[in-house]
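The shown structure was predicted, so the numbers you read here are calculated from the model rather than taken from an experiment.
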Amino acid sequence: MKRYIFVTGGVVSSLGKGIISASIGKLLQARGYSITIQKFDPYINIDPGTLNPYEHGECYVTVDGMETDLDLGHYERFTGIRTTRANSFTTGKIYKAVIDKERRGDYLGKTIQVVPHITDEIKRRMLRENDEDVDFVISEIGGTIGDIESAPFLEAIRQLKWELGNRAVSVHLTYVPYLRAADELKTKPTQHSVKEMQGAGIQPDVLVLRTEKHLSDGIRQKVASFCNVDLECVVQSEDLPSIYDVPVNMQNQGLDSAILRKFGVPVGETPKMEGWHRFLELQRTANKEVRVGLVGKYDLQDAYKSIRESLILAGIYNHVKVKIDFINSENITEENVSEKLSQVAGILVCPGFGQRGIEGKIIAVEYARTHNLPAFGICLGMQMMVIEFARNVLKYSDAHSAEMDPATEHNVIDLMEEQKSVTNMGGTMRLGAYDCTLRAGSRVAEIYGTSQISERHRHRYEFNNRYKEEYEKHGMQCVGVNPGNDLVEVVEIPDHRWFIGTQFHPEYSSTVLHPHPLFMSFVQEVAK
């Protein structure tokens, strides 16, 4: 019998609902339960695929090719589950489904309204009735209480709480600010946030209080009394050294126990979570610092979230702390590249789209190749490696991608054949997991320990196979190809310390307990 946990947020956004949702999932998994986590975003876009990273951060891609919110990356890294298009919904996606039904005549001429038609569509997705093997469904609602666009989601939760009884629990994450001038922690914003929830007909069962300062039992008791919540169900989420400390902190405060009691489920013994604690111990004892240059154009931490976390996780398992230096590729020139890269032990050339910052990436790649500096290129980063090699080794000075220069004579990166008839931008790239065959004896096959892999993609342009033989003759090997269409997925230079580019996104597959082998190998090399 499935049970449902609804995670909402109040006062301000960016409190960490995704981390709390992932932590709840991890703690329930540790108790032997199967879980799934889904994100409901109130914005009207169908998905974040066409959103600027400055607006929304990283666009995370599921194995079945859905462009989603970056919180799904947290879900996967914490729990090891593999999310799909059934784990990510937006207001736009919900409304489109309802409108499509109306156009087909499914409603038999009825007037379509927010209640019940929109809320019924939300409820249907929240219930996940086809997932028979899942014990707990965790639904995170984006935004904050009081947002106009969140109202249908709250109404759906209100109805489900009434219909499901003790099979539904509401977890509300809110903020307790510290006023430095008064030297006081203020609970009033939390009280107002809970009143907003109550006004929507939802009584929170559990409160998670985000705070920069430790909350006394007196403050927790005050919140419990004013918000009609049991004291044991008021837990605090203090600022911690890393997000990976959050599950253990939540377990120590009994968050999972409180949720199970609300469901009327026996709590049992507290799980040891030995693998997680081993990871945290490695994190605490890593004392050597290595600097990796992240060469990209989005100077925003969330824009490359999965890459950053993958580097950090690989560092921990290599007993080092990876210090990430963002290097804006727009500011890299032939004159300053040596200075820009002088403090890093390796570079990772980031994915992205568009002309801005391209030449700086190419200059950084040339420096890394000619100075034996470990270099890792992902998606557009790999394409920059290919273009740089064509310009400076193959001597095609005008070599470029057809994306940036459609008129170039040497389009070593070209638009994929199946993309040439595409007109709509949203959700039409080569998306999701595809197979790749690695060449026996190659560096990358040695890293993976197998010749058959599957990785996730998000691109429209590809390596132009017309140049493949020429590249291989001059030292850049095309060592990974898709077995179905011969698309080049991986390039490497065997004579270099570590010079590998992947058309796919390995960062999407890296988790806390299973860091990705490519990131492990790259960090191992830069740590030497």
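Between the side chains of E58 and S306, at least one donor-acceptor pair of N or O atoms lies under 3.5 Å. Under the 3.5 Å distance criterion, with hydrogens and angles disregarded, no donor-acceptor pair is assigned to the side chains of E55 and Y43. If you check the side chains of E238 and T211, you find no donor sitting under 3.5 Å from an acceptor. In this model, no donor atom of one side chain and acceptor atom of the other lie less than 3.5 Å apart for Q251 and T270. Under the 3.5 Å distance criterion, with hydrogens and angles disregarded, a donor-acceptor pair is assigned to the side chains of Q452 and T437.
Here R284 pairs with E281 in a salt bridge; the nearest charged N to carboxylate O distance falls below 4.0 Å. Using a 4.0 Å cut-off between charged nitrogen and carboxylate oxygen, E309 and K305 count as a salt-bridge pair. Electrostatic pairing of E507 and R458 does not count as a salt bridge here, judged by no charged N lying under 4.0 Å from a carboxylate O. A salt bridge is defined here as a Lys NZ or Arg NE, NH1 or NH2 lying under 4.0 Å from an Asp or Glu carboxylate O, and R497 with E525 meets this definition. Between D302 and R308, none of the side-chain N atoms (NZ, or NE/NH1/NH2) sits under 4.0 Å from a carboxylate O, so this pair counts as no salt bridge.
In this pair, F389 and Y471 present their aromatic rings parallel. The plane angle is below 30°, not in the 30 to 60° band. By the 30° and 60° cut-offs, the orientation of the rings of H457 relative to F504 is perpendicular. Using cut-offs of 30° and 60° for the angle between ring planes, the H410 and Y396 rings count as parallel.
The distance from the CD1 atom of I358 to the CG atom of L380 is 4.5 Å, given to the nearest 0.5 Å. Put simply, CG on D64 and CG on L431 are 10.0 Å apart, with the number rounded to the nearest 0.5 Å.
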- Evaluation steps, side chain to side chain contact (heavy atoms under 4.5 Å, CB included), between T83 and K39: CA-CA 11 Å; T83 55; K39 178 75 180 285; over 6 Å; no
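For the pair P271 and R31, the tightest heavy-atom approach, listed with the atom from each and the gap, is CG-CG, 3.4 Å.
Taking the side chain as every heavy atom from C-beta outward, F353 and R460 never approach each other to under 4.5 Å. The closest side-chain heavy-atom distance from R128 to T36 is below 4.5 Å.
Looking only at distances, no side-chain donor or acceptor of K361 sits under 3.5 Å from a matching main-chain atom of I332.
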